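Beneath this line is the structure, given in structure tokens, with notes to follow.
Atoms within a ligand are numbered from 1 in the order they appear, just like the ligands themselves. Here the structure is a predicted model, which is why all the values come from computation and not from measurement. In this chain, residues are counted from 1 in sequence order.
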Amino acid sequence: MAQVSIRRLVKEYEGGVQAVKGIDLEIQDHEFVVLVGPSGCGKSTTLRMIAGLEDISGGEISIGGTVVNDIPPRDRDIAMVFQNYALYPHMTVFDNMAFPLTLRKFSRDEIRRRVEKAAAILDIGQLLDRKPKALSGGQRQRVAMGRAIVRDPKVFLFDEPLSNLDAKLRVQMRTEIKKVHQIVKTTTVYVTHDQVEAMTLADRVVVMNNGIIEQVGPPQELYHRPATRFVAGFIGSPAMNFIPAVLEQASGALNLRLPGDIVLPVPAERSPRYTGHAGRQVLFGIRPEHLTEQRQGRATYADLDITPEVIEPMGMETLVHFHLEGTRDLCARLDPTVPADPGAPIRLTADLANMHLLDPESGRVL
Ligand SMILES: Nc1ncnc2c1ncn2[C@@H]1O[C@H](COP(=O)(O)OP(=O)(O)OP(=O)(O)O)[C@@H](O)[C@H]1O
Ligand SMILES: [Mg+2]
């Protein structure tokens with residue numbers, strides 16, 4: 001087990017493409033860290049540099065206190081699990097899992113002990129004599145994980161290990177991976193483009209965008225205190241609503257003037273934070289779950305009259321899509337018992353205790 005330190009890490013591919021632009025990241029021993037971000041943001045490149053499968057163009061990676069920049073992959077004591085499980089078709093499950101140990105000349109007894117232990121953790125003890133073609137996708141994924149576990153490496157590296165599975169199995173295997181980590185506690189770096197997978201698995205989530213790290217933090221912190229527009233919009237589904245607004249000073253209080261002459265009072269406890277921005281254009285951000293059916297009883301509640309365009313009943317909630325003057329694709333989450341029809345105006349409550357204000361130019365959350 002080990003910590004992983006990444007300092008000013010750069011990857012420049014031939015032709016001058018900077019895939020990773022000088023990132024810093026400290027991963028603690030036993031920690032489960034997820035790199036998440038859109039396609040092409042540099043997640044796999046970063047992971048492959050940790051693994052040693054990709055040369056680094058600048059900076060430093062250390063594993064367990066040792067700089068590994070010039071250490072070949074096989075000597076880094078890491079185990080990697082990919083999207084395609086790369087099992088050997090002619091070998092049984094047992095032999096597939098035993099393979100890395102056989103290569104390293106472990107004794108037969110030790111191999112059997114480790115494979116059986118990993119098989120028990122993954123609940124595949126009854127499959128050890130089968131060949132991969134006689135396994136389901138989820139079972140193959142478990143074998144691939146088993147092959148990583150038997151090594152007892154310093155670090156697990158996962159690159160989109162669940163993306164070949166159907167939606168239901170993904171959710172199941174997600175829980176499985178979390179359970180395994182709670183048992184073996186091996187330091188893990190996990191890459192996905194799926195923000196739900198990132199939020200559910202990670203001790204800390206690393207949001208990447210265009211070769212840089214936008215923000216690092218525990219899932220709840222990224223959700224409730226995003227630092228940038230990118231993170232605010234990327235984490236959470238349906239995504240946060242962003243509405244252009246002007247922050248106005250009005251007799252000792254601050255108001256937000258939205259398009260269509262909607263005026264929302266900034267909660268008193270937030271005012272000190274925003275006073276310096278009075279008179280400026282801002283971006284008002286609010287998550288769909290903080291735009292709900294009309295409610296009363298809190299000082300931070302404010303009314304908002306809208307006309308639904310599209311209604312999506314989800315069972316546990318109803319999503320209402322609408323627009324305001326100049327801003328499209330807004331979404332509110334209503335209790336499913338609340339009547340809502342396309343074209344029929346309704347009054348919503350915005351819980352301004354949960355609002356965000358952003359600088360429209362820099363994208364920073366104020
Ligand atoms: N061998 C290569 N040569 C040149 N450019 C590359 C190479 N591999 C990756 N890139 C570029 O580097 C950038 C980052 O790629 P990377 O594979 O790390 O993205 P990713 O975040 O893993 O995306 P995805 O979610 O699609 O897997 C992309 O712009 C990609 O086109
Ligand atoms: Mg990738």
Same hydrophobic cluster for Met208 and Val10, using side-chain heavy-atom links shorter than 4.5 Å among ILVMFWY?
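No; tracing contacts between hydrophobic side chains, which count when under 4.5 Å, never links both residues.
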Tell me whether Ser44 has at least one N, O or S atom under 2.8 Å from the Mg ion (ligand 2).
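Yes, within the cut-off.
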Proximity winner for atom 26 (O) of ligand 1, if only heavy atoms of Cys41, Gly211, Ser39 are counted
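Nearest heavy atom to atom 26 (O) of ligand 1 lies in Ser39.
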Any idea which of Lys43, Glu14, Arg48, Gln18 brings a heavy atom closest to atom 25 (O) of ligand 1?
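It is Lys43 whose heavy atom sits nearest to atom 25 (O) of ligand 1.
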Yes or no, since that's all I need: does a protein heavy atom fall within a distance strictly under 4.0 Å of atom 30 (C) of ligand 1?
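So atom 30 (C) of ligand 1 lacks protein heavy-atom neighbours under 4.0 Å.
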Please determine, by modelled atom types, if [X] and [Y] share a side-chain donor-acceptor pair under 3.5 angstrom.
X	Y	answer
Arg287	His290	no
Ser107	Asp109	no
Tyr190	Glu160	no

Taking 4.0 angstrom as the limit, do Arg204 and Glu31 come out as a salt bridge?
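So Arg204 pairs with Glu31 through a salt bridge.
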Quick check on contacts: which atoms of ligand 1 are under 4.0 angstrom from a heavy atom of Ala19?
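Under 4.0 Å from Ala19, ligand 1 has these atoms: 12 (O), 13 (C), 14 (C).
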Nitrogen or oxygen atoms of [X] and ligand 1 under 3.5 Å apart:
X	answer
Ser44	yes
Gly40	yes
Thr45	yes

Starting from atom 5 (N) of ligand 1, find the nearest protein heavy-atom neighbour and note its residue, name and distance.
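So the nearest neighbour among protein heavy atoms is Tyr13 CD1, 3.3 Å.
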Stepwise side-chain hydrogen bond (donor to acceptor under 3.5 Å, both in side chains) test for Glu12 and Gln18
CA-CA 4 Å; Glu12 196 169 312; Gln18 272 216 351; 3.3 Å; yes
Check against side-chain hydrogen bond (donor to acceptor under 3.5 Å, both in side chains), Tyr13 and Thr45
CA-CA 10 Å; Tyr13 284 111; Thr45 301; 3.2 Å; yes
Please confirm whether Gly42 comes under 4.0 Å of ligand 1, counting heavy atoms of the residue only.
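Heavy atoms of Gly42 do come under 4.0 Å of ligand 1.
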